[in-house]
Amino acid sequence: MRRALPLLAASLVMLAAAAAATPVAQGHNITKILAEHPEFSTFNHYLTVTHLAAEINRRLTITVLVVGNSGMADLLARNLSLLTLRNVLSLHILTDYYGAKKLHQLTGGSTLASSVFQSSGHATGTTGYINITDHRAGKVTFSAEDDGGAPPVDFVKSVKEMPYNISVLQVSTILSSPEAEAPVAAPAPVNLTELMSKKGCKAFADLLLARPDILQTFQDNLDSGLTVFCPVDAAVNAFAPKYKNLTADGKASLLLYHGVPVYYSPQLLKSNNGVVNTLATDGSSKNFNYTVQNDGTDVTLETRVVTATITSTLIDQDPDAVYAVDKVLEPRELFKVADAAAPAPAGSNKSKHASPPAPAGPEEAPADQDTSANSAFRTTAVGLWLAPTVAALAASFLAVV
């Protein structure tokens, strides 16, 4: 037994080192990956413009078929609308992992892969599926199921592989698909206040209409991307006394606090925990923000003053989304941060009623937060407690020896 202890202790020390060095979860960022390859700068740019970069980053398993700048120039020369361009590029995003090695190990020499275009709802029938074929002499080709008779495109090289999360592969040119290239009707412009008024947020819409300057800020972000969390009427009515006591600047900040200058789809909200900046956030990026938390299908917004829950989706029309929440979002810059109630001593006859929250003073600076708003994953705290715990166990074994 004494002879085995040193081996066990050494193993525990190695385990502790690995736990300290390795994060439990790791995300990928397609924008950063392609930024290292200027020959794909145009493709990278349009992934961002079409909001497909966020779609790629939120998925756990994905393959991106990238095209060089010259191939993108040919595509852009066709003057497709941005919505149609999104469909064409989404055809190049496969919802499974295909590394270079896997391409040459296809069962039967070929397979049919689903693309983001196929799952978008814009593809009909089997359009949106991609045929992958491993030919003789190591040649691999890709073609859309509805290629319209166009020749397949060739696999050129592997650009980046993170098994089995993301694979970035270069192909010779843009995939052809009449379905993906078909014109897409532009969605009707979003009328925020009309939408809110019809779907249970009329009181909040009225507050925006009373401040045309603030409403204009919301409207100015509609084209580039906007997410709005509008409190339901009951919540706004209950909050009315507090709202009346705010200064004009405080009212403006509170209204802007309910808008986020980024498009968050329901899927992204349910898969992303982290801090988000708002329309009220200034250049410091550390004020007037809140934390998005999800638990299964429930998504909450935590301001450190209140925790609100998303109750319904009013509209999800990329690049805009509006969600109803059950509480008015109260920023810690305007209201006192909620303190955890301490248990009263046994036998105490003191009143259990807490004093009402007082407005926060200037000295109550926001706590530093370093969580990224757009990270697809967060490293859990497992590694933080695992390393010292294992190290302590190893030390105790060594002491015995």
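Keep in mind that this is a model prediction, so the values were computed, not measured.
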Shortest non-hydrogen separation from [X] to [Y] and the atoms involved:
X	Y	value
Val156	Val171	CG2-C, 3.7 Å
Leu47	Leu34	CD1-CD1, 4.0 Å
Ala324	Cys201	CB-SG, 4.3 Å
His51	Pro319	NE2-CB, 3.4 Å
Ser176	Glu181	CA-OE2, 3.6 Å
Leu94	Ala113	CD1-CB, 4.2 Å

Please check if the side chain of [X] supplies one atom and the backbone of [Y] the other of a donor-acceptor pair under 3.5 Å.
X	Y	value
Ser119	Val116	yes
Thr309	Thr300	no
Thr127	Ala123	no
Thr50	Arg86	no
Gln219	Ile214	no
His104	Val140	no
Asp147	Gly149	yes
Asn44	Thr31	yes
Ser110	Ile132	no
Arg211	Ala248	yes

Mind running side-chain contact (heavy atoms from CB on, under 4.5 Å) on Leu246 and Leu254 for me, showing each step along the way? CA-CA 9 Å; Leu246 292 173; Leu254 183 126; 4.2 Å; yes
Leu80 and side chain to side chain contact (heavy atoms under 4.5 Å, CB included): which single residue from Leu83, Leu82, Thr84 fits? Thr84
Rounded distance (nearest 0.5 Å) linking atom [atom1] of [X] with atom [atom2] of [Y]:
X	Y	atom1	atom2	value
Thr278	Leu301	OG1	CG	11.5 Å
Asn87	His122	CG	NE2	5.5 Å
Leu256	Leu279	CG	CG	5.5 Å
Thr133	Leu106	OG1	CG	8.0 Å
Leu329	Phe288	CG	CZ	12.5 Å
Leu60	Asn57	CG	CG	11.5 Å

I'd like to know if the side chain of [X] pairs up with that of [Y] as donor and acceptor (distance under 3.5 Å, no hydrogens or angles considered).
X	Y	answer
Ser177	Asp146	yes
Thr124	Glu179	yes
Thr141	His135	yes
Glu161	Ser158	yes
Tyr263	Asp316	yes

Look at [X] together with [Y] and state whether they make a salt bridge at an N to O cut-off of under 4.0 Å.
X	Y	value
Glu36	Lys160	no
Asp298	Lys270	no
Lys102	Asp134	no

Would His258 and Phe204 count as a close aromatic pair, with their ring centres under 6.0 Å? yes
Pair Tyr98 and Phe155, ring centroids less than 6.0 Å apart: no
Start with the C-alpha distance between Leu314 and Cys230, add both sets of side-chain angles, then the distance that settles side-chain contact (heavy atoms from CB on, under 4.5 Å), and finish with yes or no. CA-CA 9 Å; Leu314 274 60; Cys230 64; 3.7 Å; yes
Step-by-step side-chain contact (heavy atoms from CB on, under 4.5 Å) determination, Ile315 to Val190: CA-CA 9 Å; Ile315 190 173; Val190 177; 4.0 Å; yes
Measuring only between side-chain heavy atoms, which start at C-beta, is [X] closer than 4.5 Å to [Y]?
X	Y	value
Ile166	Ile30	yes
Thr303	Pro331	no
Glu145	Leu112	yes
Leu103	Phe142	yes
Val64	Val159	no
Val322	Leu192	yes
Val262	Val276	no
Val299	Val292	yes

Got a sec: does the OH of Tyr243 have more than 12 other heavy atoms crowding it under 6.0 Å? yes
Please check if atom CG in Asp213 has more than 12 non-hydrogen atoms from other residues, nucleotides or ligands closer than 6.0 Å. yes
Residues two or more places apart in sequence or in another chain: which of them pass ring-ring contact (aromatic ring centres under 6.0 Å, His included) with Tyr323? Phe229
Once side-chain hydrogen bond (donor to acceptor under 3.5 Å, both in side chains) is applied, do any residues pair with Asp206, and if so which ones, sequence neighbours excluded? Lys202
Check the pair Phe117, Tyr129 against ring pair (Phe, Tyr, Trp, His ring centres under 6.0 Å), reporting the backbone distance first and the verdict last. CA-CA 8 Å; Phe117 176 59; Tyr129 283 96; over 10 Å; no
List the steps, then state whether salt bridge (charged side-chain N to carboxylate O under 4.0 Å, His left out) holds for Asp233 with Lys199. CA-CA 10 Å; Asp233 289 341; Lys199 297 195 175 185; over 6 Å; no
Side-chain polar contacts of residues 69-76 - donor-acceptor pairs under 3.5 angstrom, sequence neighbours left out - could you list them?
residue, atom, partner, partner atom, Å
Asn69, OD1, Ser41, N, 3.2
Asn69, OD1, Thr42, N, 3.1
Asn69, OD1, Thr42, OG1, 3.3
Asn69, ND2, Pro38, O, 3.1
Asn69, ND2, Glu39, O, 3.4
Asn69, ND2, Ser41, OG, 3.4

Using side-chain contact (heavy atoms from CB on, under 4.5 Å), reason through Gln170 and Phe40 one step at a time and then give a plain yes or no. CA-CA 9 Å; Gln170 182 183 3; Phe40 305 125; 3.7 Å; yes
